[in-house]
Amino acid sequence: MATGYPFKEIEEKWQAAWAKDNLYRAHDGVPKKNADKFYGLVEFPYPSGEGLHVGHPRSFTAIDILTRKKRMEGKNVLYPMGWDAFGLPTENFAIKHKVKPQDATMRNIANFKRQLISLGFGFDWSREINTSDPSYYRWTQWMFLRFFNAYFDTVEGRARPIDELAIPDIIRAKGDAAVRTYIDGWRLAYKTKSIINWCPRCKTGLANEEARGCVCERCESAVEQRTKSQWMLRITVYADRLIRDLDTVDYLDKITSQQLHWIGRSEGAYVDFQIKRQSLKVNSDGGCLLPDKVTVFTTRPDTLFGTTYLVLAPEHPLIETWIREGNVTNADKVRAYQNGTRLKSELERKESKEKTGIELKGVMAKNPVNGKMISVWTADYVLGGYGTGAIMAVPAHDERDFEFAKTFGLPASVVVAKVGHAEVQLPFIDEGIAINSGAIDHLKTAQAKDAMIEWLEQNAVGERKTTYRLRDWVFSRQRYWGEPIPIVLCKACGFVPVSDDQLPVILPDVEKYEPIDTGESPLATIRDWVETTCPRCGNPAERETDTMPNWAGSSWYFLRYCDPQNNTSFADTDKLRYWMPVDLYNGGMEHTTLHLLYSRFWYKVLWDLDLVPRECGSEPYAKRRSQALILGEGGIKMSKSKGNVVNPDHIVAIYGADVFRVYEMFIGPFDQDAPWDTNGIEGVKRFLDKVWRMYGMEANDRDLPNSVAEDMNAVCLSESAEMLLNQTIKKVSDDIEAMHYNTAVSALMILANELSMRPLTRYVAEVFLKLLAPFAPHLTDELWHRLGHETSVHIAGWPIADPSKLIAAMFELVVQINGKVRDRIVTPSDISQEGAIKLALASKKVKDILSGKAPKKVMYVKGRLVSISF
RNA sequence: GGGCCCGUGGUGGAACAGGUAUACACAGGAGACUUAAAAUCUUCGGCCGAAAGGCAUGCAGGUUCGAUUCCUGCCGGGCCCACCA
């Protein structure tokens, strides 16, 4: 096992040398021509207690290889690294080990950094950042206040400073308090009471994105619904731009489609149903048609005629009103149902799709299009948080409505009618069974929808409306280890931002920081921190005690890398102008609808407010790619509980960093899951050992290479070897750009197999090292220096294939008869079509098979084959 | 239930703007070197067949001179979303 090249010595030596020479430092202030900079980014890790996982290096090595190639091509490369240090993983680790999160973070960072350096990544460590450092989170807080002090101008479709918000006279007339409420209602960061996801184990509120599948993203506990007052970021106003701008970036298709799906834009209409409440006996018809109404959202207004009942979500506020005013004759039963659904967890709801619900007796609704009176129900299959929390049920057209109608014996028939000028084609139903009139084509549906919306708007009973699945971002966390939200709550002045010159609001260093179950952050218990004075009026006031989610710091870290030590702004404008946007961003698919979406939104707000220069463009990442998982041996997911976690430290100790890196690239396609295979890594070790021997190095040999001919022209390459060399240059170059690392490695192996059979010329020896350098940076720099160079191979220039040496003089012409290969004839590459066909027909095998018959069709595919059919 | 993706040797996988299927590597067999082992090198491996040849890229069809690649329908697996009106 200990045989082979002395990787430990070599790797430590070069890691030290690179650091000493600042080899990977990115240079600011270099004049920017068209494409002379390259900003490669990988998601910075949470410095957890477990240390580096083998999944991290897969992403880091891939972009390391690409940025190394760019650097060798002469680009000014920025490849930075830092620590996403705030947040639950670190805090939970600290709690478990009874240490302070601050100390745990420092210790974990030191460990991560040691590991990353041992793997030989070309990070510019001079730009290292840490989101939990006050010099960093000062700017996170500063940005939060920019959100607080901004609103979204719906006409211009962009964020603007809140000072520019026009206050309607009617509001102004009501006085200061009304104006303040009005302004607060527009802010991009706002505090409001709403129903949110609450993790009982982490004891904190969560964003919608963190509670996918109704379980906590961190600990996988089932989430509860709690009504809480929370800080929110108004991401929903950016929904359209987040969709539209996807056209301007190069993201993996599945990433684009997942984001689109998550944002979930639906076009349709609001429709108003007037409500008749029977118990108020005013009208002659025995009821009172009050001016109150239920507004529903539908994507199919054309099916309005088919509406046979209305359903409100159990938490719909009108239900409460009607009960209070005595209009619901079965109020007790309705209350019982509401309570029942509240107790049912989201998970339980998910499990059973059986329709439940109850009619609101005594309440009827009037269908605006035909005046028909229909019953009103509440059921938990209608969600409070989407649309208006109420639907018009069209059992003929919607499977869920049909299910519900069947369960409760509701009518499901439909009338055909004329709306306005257009003939509206309506869904139909046979005996209440058929669902959805598939015969109606899309064009007709679109026309019918438009006609109906037009009619609704003309009659003032509805309007065109687009809704989104996306919800505003719940930004409060009831945990200690995060950025304090820099807001002071004053009885007189309301929410008052801490002034910029008072930032950062330092997270107090305390002994007890465990989450508490009161729904408040543990900061609330630190009274001398909470109690402060109002920055505006000077009277006693209290600090906001919620902290930010860990997604805050990571929403803008790529900007900080451009100018990490700046004390006067989050980053210098010229430096942003130079480096942004990120040219390539690689990270996990699990962040597609979390970090990736959040940071796009965050960046757009900064850009709108001109805090990021216009020239950088409205998107932070020009290109986004994603690595797949490395699974445990046997193809199952690596996990501590299964005991199949591979520790990078072990692999580096046994095989060295270069073998580890090359193996992770060779393991399979970058975007495809691949199982770890201990045998597979042996193969890569053999490959690098062979390279070592190829350069005349026996194990532990310290002499200069002895099989490399010093004179560049001393040994001529055979034509085939020269071709292979040039083909490999092209293949490796193209594969790195396309992130097809596995085939790039295999091309290098093929070349090595060929070259190891003969003495190397200096030229070939150097080209091969350059091609291998991004993959195995230590070994190649060692051999490069042993060849007599004073400077690093990593700045030695990238080889370019000679196009004239890519095509051989001869090739093997394949002859197919009826699609089957029957002969192969070695032929000059420049053979004409006629010549190739003549040659093929002259083949003995062909003659035998044709046996005198005339071919029906003969064709020549240039440089490949002749196809004969008969 | 909806969306996206994937099925190729014993294994990881090559090849896809349609054109020689199984590159490279692992595991395995045989051999060389060695007192022996490790390491290294040579060599053989899709299936059937003595050979000629035939059959093979999940299954069944289609388009084509030619399909792993394109189309349709199944079967199997993965990821994301999920009562979103």
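As a basis for the values below, the full set of heavy atoms in this structure was taken, side chains included, without hydrogen atoms, waters or symmetry mates. Throughout, protein chains are lettered first and strands after them, A, B, ... in sequence-line order, and every chain is numbered starting at 1.
Here the nucleotide nearest the side chain of Ser266(A), chosen from A85(B), C55(B), C81(B), is A85(B). Closest contact between the side chain of Val861(A) and the listed nucleotides G19(B), A85(B), C4(B) involves G19(B). Taking only side-chain atoms of Arg686(A), from C-beta outward, the nucleotide of A27(B), G13(B), A85(B) with the closest atom is A27(B). Checking C81(B), G13(B), C26(B) against the side-chain heavy atoms of Pro669(A) singles out G13(B) as nearest. Here the nucleotide nearest the side chain of Val382(A), chosen from A85(B), C26(B), G54(B), is A85(B). Comparing A25(B), C83(B), C41(B) against the side chain of Met749(A) picks out A25(B) as the nearest. Comparing C24(B), A85(B), G13(B) by their closest approach to the side chain of Phe666(A) singles out C24(B).
At whole-Å resolution of the value, CG in Leu310(A) and C1' in A85(B) are 12 Å apart. Computed from coordinates, the Asn208(A) CG to C81(B) P distance equals 11 Å when rounded to whole Å. A straight line from NZ of Lys731(A) to P of C24(B) spans 13 Å, rounded to a whole angstrom. For the pair Lys690(A) NZ and U40(B) C1', the interatomic distance rounds to 10 Å; values are reported in whole Å. If you measure from atom NE2 of His740(A) to atom C1' of G12(B), you get 17 Å, rounded to the nearest angstrom.
Contact annotation for Leu865(A): base contact, defined as any heavy-atom pair under 4.0 Å involving a base atom. Gly387(A) comes within contact range of no nucleotide atom at all, as no heavy-atom separation falls under 4.0 Å. Within the nucleic acid shown, Arg265(A) has no heavy atom closer than 4.0 Å to any nucleic acid atom. Using a 4.0 Å heavy-atom cutoff across all strands shown, Ile750(A) reaches sugar-phosphate atoms only and no base atom. When heavy atoms are screened at a 4.0 angstrom cut-off, Glu812(A) is found touching base atoms of the nucleic acid. Counting any heavy atom pair closer than 4.0 Å across all strands shown, Phe687(A) reaches no nucleic acid atom. Contact annotation for Met859(A): base contact, defined as any heavy-atom pair under 4.0 Å involving a base atom. Among the protein residues, Ser867(A) comes within range of the nucleic acid bases, having at least one heavy atom under 4.0 Å from a base atom.
A 3.5 Å limit on both hydrogen-bonding distances identifies C26(B) as the Watson-Crick or G-U partner of G10(B). Under the Watson-Crick or G-U wobble criterion, with both distances below 3.5 Å, C16(B) has no partner in any strand shown. Pairing for C59(B) is with G73(B), a Watson-Crick or G-U wobble pair whose two hydrogen-bonding atom distances lie under 3.5 Å. The partner of U40(B) is A32(B), by the rule that a Watson-Crick or G-U pair needs both atom distances under 3.5 Å. Base pairing of C4(B): its partner is G78(B), meeting the Watson-Crick or G-U wobble criterion (both donor-acceptor distances under 3.5 Å).
Salt bridge Asp734(A)/Lys730(A): present, at least one basic N to carboxylate O contact under 4.0 Å. Ionic pairing of Arg265(A) and Glu267(A) is present here: one or more N-O contacts between side-chain nitrogen and carboxylate oxygen are shorter than 4.0 angstrom. Using a cut-off of 4.0 Å between Lys/Arg side-chain N and Asp/Glu carboxylate O, Asp671(A) and Arg625(A) are scored as not salt-bridged. Using a cut-off of 4.0 Å between Lys/Arg side-chain N and Asp/Glu carboxylate O, Asp450(A) and Arg464(A) are scored as salt-bridged.
Under the 3.5 Å distance criterion, with hydrogens and angles disregarded, a donor-acceptor pair is assigned to the side chains of His591(A) and Glu43(A). Judged purely by distance below 3.5 Å, without hydrogens or angles, the side chains of Tyr663(A) and Asp677(A) never pair a donor atom with an acceptor atom. Between the side chains of Asn644(A) and Lys637(A), no donor-acceptor pair of N or O atoms lies under 3.5 Å.
Between the side chain of Lys856(A) and the base of C65(B), no donor-acceptor pair under 3.5 Å is found. Contact of Gln816(A) with G19(B) (side chain to base): a donor-acceptor pair of N or O atoms is detected under 3.5 Å. Applying the 3.5 Å distance criterion, the base of C65(B) shares no donor-acceptor pair with the side chain of Ser869(A).
Nucleotides G28(B) and G12(B) are separated by 16 Å at their C1' atoms, to the nearest Å. Comparing the same atom, P, in C59(B) and in C4(B) gives a spacing of 25 Å after rounding to whole Å. For the C1' atoms, the distance linking A32(B) with A37(B) amounts to 15 Å, nearest Å. Atom C1' of G9(B) sits at a distance of 10 Å from the matching atom of C47(B), rounded to the whole Å. To the nearest whole angstrom, the two C1' atoms, one in G45(B) and one in C24(B), are 16 Å apart. One C1' atom belongs to G54(B), the other to G3(B), and the distance between them is 43 Å to the nearest Å. Comparing the P positions of C26(B) and G18(B) gives an interatomic distance of 34 Å, to the nearest angstrom. Atom name C1', nucleotides G19(B) and G66(B): the rounded distance is 7 Å, in whole Å.
A close approach under 4.0 Å does not occur between any side-chain nitrogen or oxygen of Arg212(A) and OP1 or OP2 of A82(B). Arg864(A) has no side-chain polar atom (N or O) that falls below the 4.0 Å cut-off from OP1 or OP2 of G66(B). One finds no side-chain N or O of Arg822(A) lying less than 4.0 angstrom from the OP1 or OP2 phosphate oxygen of C65(B). In this structure, Tyr386(A) reaches the A85(B) phosphate: one of its side-chain N or O atoms is under 4.0 Å from OP1 or OP2. Within the 4.0 Å cut-off from OP1 or OP2 of A14(B), at least one side-chain nitrogen or oxygen of Asn742(A) is found. The shortest distance between the side-chain N/O atoms of Asn753(A) and the OP1/OP2 oxygens of A23(B) is not below 4.0 Å. The phosphate of C65(B) has OP1 or OP2 within less than 4.0 Å of a side-chain N or O from Lys857(A). Phosphate contact (OP1/OP2 of G13(B), side-chain N/O of Ser746(A), threshold under 4.0 Å): absent. Within the 4.0 Å cut-off from OP1 or OP2 of G13(B), at least one side-chain nitrogen or oxygen of Gln672(A) is found.
Between Tyr381(A) and Phe404(A), the ring center distance clears the sub-6.0 Å criterion.
Aromatic ring pairs are classed by plane angle as parallel below 30°, tilted from 30° to 60° and perpendicular above 60°; the pair Tyr598(A) and Trp473(A) is parallel.
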